[in-house]
Amino acid sequence: ILFTGAMDYFPNEDAVLYFYAEIWPHIRKEMPDVTLYVVGRNPSKKIRRLSRTDPNIMITGFVPDIKYYLKLADVFVAPFRIARGVPNKILEAMAAGVPVVARPEAVQGLSGYNGCLKVEEDNEKFALSIIEVINNYNEWQKMSDRSRNFVIEYHNWEKNFVQLEKIFTSR
């Protein structure tokens, strides 16, 4: 399970601490060997403490390239309670073909993602969605394919710049 982000940014810290307290216990109950990777610079004392109290949590701090962790991940989590704008970390995971499970707040800036990712507000349903994605390869593959296609279709820089150029030149 993967979470990425600058860990000195309060919404990221809050998301990880919330995930650990409210969702992680449900997952560990069903999957005692699962590992959570928290990847991002400047983890706070509260975040670093998680890996000292739970051997299944890996806090990396800064990494020069996130691709290794995206390849390693079975699922990307976005348990944000505080979020705004386009969630680039979610798009990055989707582009890498990593299925995403998110809270509604995390996907406010996205539309048309139906079937690409799972959105759950309830903590137990959030955990069950993660478990389902990890344990069901067919579901994992569908989400992976849909996610990549969604990013290619709706968040492609080249395609979007062409559309933006048409808007500017039509005036």
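Just so it is clear, the structure is predicted and the values come from calculations on it, not from any experiment.
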Is there a path of hydrophobic side-chain contacts, each under 4.5 Å between heavy atoms of I/L/V/M/F/W/Y residues, joining Y20 to I134? yes
For residues V34 and R28, determine if any side-chain heavy atom of one lies less than 4.5 Å from a side-chain heavy atom of the other. yes
same_hphob_cluster(I23, L2) at 4.5 Å side-chain heavy-atom cutoff: no
Going through the checks in order, is the side-chain contact (heavy atoms from CB on, under 4.5 Å) test met by I90 and V107? CA-CA 8 Å; I90 293 174; V107 295; 4.2 Å; yes
Any side-chain heavy-atom pair from F76 and P99 closer than 4.5 angstrom? no
Test applied, side-chain contact (heavy atoms from CB on, under 4.5 Å); reference residue, L50; option that passes from V38, V16, L36, N56: V16
So if I apply the side chain to side chain donor-acceptor pair (under 3.5 Å) rule between Y18 and each of R103, R81, E13, which one comes out positive? R103
Min side-chain heavy-atom separation H26-L128 under 4.5 Å: no
Are D145 and F150 packed together at the side-chain level, in the sense that at least one heavy-atom pair is separated by less than 4.5 angstrom? no
Within a strict 4.5 Å, meaning less than it, do heavy atoms of the Y68 and V63 side chains meet? no
If every non-hydrogen atom of A93 is compared with every non-hydrogen atom of L70, which pair is closest and at what distance? CA-CD2, 3.9 Å
Taking C-beta and beyond as the side chain, do F19 and I130 meet within less than 4.5 Å on heavy atoms? yes
dist I59:CD1 -> M7:CE (nearest 0.5 Å) comes out at 7.0 Å
Step by step, would you call M94 with K89 a side-chain contact (heavy atoms from CB on, under 4.5 Å)? CA-CA 9 Å; M94 292 172 74; K89 66 182 77 204; over 6 Å; no
Say you draw a straight line from OG of S51 to OH of Y37; how long is it, rounded to the nearest 0.5 Å? 12.0 Å
Between the main-chain N or O of N136 and the side-chain N or O of E139, is there a donor-acceptor pair closer than 3.5 Å? no
Is there a path of hydrophobic side-chain contacts, each under 4.5 Å between heavy atoms of I, L, V, M, F, W or Y residues, that connects V98 with Y154? yes
Looking only at heavy atoms, which two atoms of A83 and A106 are closest? And how far apart? CB-CA, 4.1 Å
F3: which residues meet the ring-ring contact (aromatic ring centres under 6.0 Å, His included) condition with it, sequence neighbours left out? F80
Shortest non-hydrogen contact from M58 to P55? CE-O, 3.4 Å
Spacing of CD belonging to E92 relative to OG1 belonging to T4, to within rounding of 0.5 Å: 6.0 Å
Gap between atom CG of N42 and atom CD1 of I47 - 0.5 Å precision: 12.0 Å
Audit row: W140, N135, side-chain hydrogen bond (donor to acceptor under 3.5 Å, both in side chains) steps and yes/no: CA-CA 8 Å; W140 185 93; N135 286 334; over 6 Å; no
Does any non-hydrogen side-chain atom of L17 lie less than 4.5 Å from one of D14? no
If you measure from CZ on R148 to SG on C116, what distance do you get to the nearest 0.5 Å? 11.5 Å
Given side chains that start at C-beta, do those of K125 and K118 come closer than 4.5 Å, heavy atoms only? no
Decide whether I57 and M31 are clustered together by the hydrophobic rule: side chain heavy atoms of Ile, Leu, Val, Met, Phe, Trp, Tyr closer than 4.5 Å, transitively. yes
May I ask whether V101 and I1 are part of the same hydrophobic cluster, defined by side-chain heavy atoms of I, L, V, M, F, W, Y residues being less than 4.5 angstrom apart, directly or through others? yes
Between atom OG of S147 and atom CG of L117, what is the distance when rounded to the nearest 0.5 Å? 6.0 Å
Indicate the atoms forming the closest heavy-atom contact of S144 with G97, along with that distance. OG-O, 2.7 Å
